[in-house]
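Presented below is the structure to which this report refers.
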Amino acid sequence: MQYRKTLLRVVLLLALAASIAMIVARITLYPAVLALPGAWTLVIEALGLLLVYVAVVVVGTRRKTGVSDALLRRSTMGGVVAGAVQIAHVLAEHFGWMPARWAGPIAIVSMLVTFAIWGLTGFLAIRGGEPIARSIWW
């Protein structure tokens, strides 16, 4: 099981590094974007959040973290599914055609589905015997 936790750590850290690299590359290729109002705030918020994710991944995938492999697996799968819902929503919103009156309800439904997925993973963790605090955090 330690192999899976290590593999998960490597994959997640590579994905986060790729996200940071894409932000840096975009700014390097077109530095004028930083002259736009609020651009610096947007970049700092995005990079800050990605660095928080790096810390969560590093702490969550330590060898002696106390987090069971089952909890980590359920949490990761819940995050992947919730991320896929959000990606589908963004793709539909930007590249799909829909009447303007449907944009709001579709956004709300995608958020509610994402929250439901998070709640389900927390419920399954509690039902699997994990402490409530750990179930909420992971």
Side-chain angles (χ1 to χ4, degrees):
M1 292 297 176
Q2 185 57 41
Y3 169 75
R4 288 182 184 168
K5 198 178 278 190
T6 303
L7 178 64
L8 177 66
R9 172 184 257 199
V10 169
V11 168
L12 290 175
L13 289 177
L14 285 175
L16 289 168
S19 297
I20 292 170
M22 286 189 283
I23 292 172
V24 171
R26 177 54 67 186
I27 292 171
T28 303
L29 292 173
Y30 189 65
V33 75
L34 292 177
L36 295 171
W40 275 102
T41 304
L42 181 67
V43 169
I44 290 169
E45 285 176 354
L47 290 175
L49 186 59
L50 289 170
L51 292 174
V52 168
Y53 289 165
V54 167
V56 168
V57 168
V58 168
V59 170
T61 57
R62 288 187 319 226
R63 292 183 192 274
K64 304 279 186 188
T65 188
V67 176
S68 70
D69 288 335
L71 176 61
L72 196 56
R73 186 173 42 257
R74 278 193 300 263
S75 304
T76 302
M77 287 310 299
V80 167
V81 172
V85 168
Q86 290 301 309
I87 289 169
H89 167 246
V90 169
L91 289 175
E93 191 174 83
H94 290 286
F95 300 113
W97 182 87
M98 71 177 83
R101 66 182 176 174
W102 286 99
I106 288 175
I108 290 172
V109 167
S110 71
M111 286 183 227
L112 290 175
V113 168
T114 301
F115 295 147
I117 292 167
W118 291 343
L120 179 65
T121 56
F123 170 76
L124 292 174
I126 291 171
R127 188 171 174 184
E130 298 291 339
I132 290 176
R134 191 178 298 153
S135 300
I136 292 170
W137 177 250
W138 293 106

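Computed from a prediction, not measured in an experiment: that's the story for all the values here. One-based numbering along the sequence shown.
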P99: what forms a side chain to side chain contact (heavy atoms under 4.5 Å, CB included) with it, not counting sequence neighbours?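 Counting only residues at least two positions away or on another chain, P99 forms a side chain to side chain contact (heavy atoms under 4.5 Å, CB included) with W97, R101, W102.
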For I108, enumerate each residue passing the side chain to side chain contact (heavy atoms under 4.5 Å, CB included) test, keeping only those at least two apart in sequence or located in another chain.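 With sequence neighbours excluded, I108 shows a side chain to side chain contact (heavy atoms under 4.5 Å, CB included) to L112, given in chain and number order.
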Can you give me the closest heavy-atom contact between S110 and H89, atom names plus distance? OG-CG, 3.4 Å
In residues 35-58, what donor-acceptor pairs under 3.5 Å come from side-chain atoms, sequence neighbours left out?
none

Distance check, rounded to the nearest 0.5 Å: L91 atom CG versus E93 atom CD? 10.5 Å
Quick one: CD on Q86 to OG1 on T114, what's the gap to the nearest 0.5 Å?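 Going from CD on Q86 over to OG1 on T114, the span is 3.5 Å.
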Linking Ile, Leu, Val, Met, Phe, Trp and Tyr through side-chain heavy atoms less than 4.5 Å apart, which residues share a cluster with I117?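 Besides I117, the cluster holds V81, V85, V109, V113.
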F115: ring-ring contact (aromatic ring centres under 6.0 Å, His included) partners, not counting sequence neighbours: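 In terms of ring-ring contact (aromatic ring centres under 6.0 Å, His included), with neighbours along the sequence ignored, F115 is linked to W118.
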Show me the donor-acceptor pairs, under 3.5 Å and distance only, between side chains in residues 18-29 and residues at least two apart or in other chains.
unit_1 : atom_1 : unit_2 : atom_2 : d
S19    : OG     : A15    : O      : 3.1
T28    : OG1    : V24    : O      : 2.7

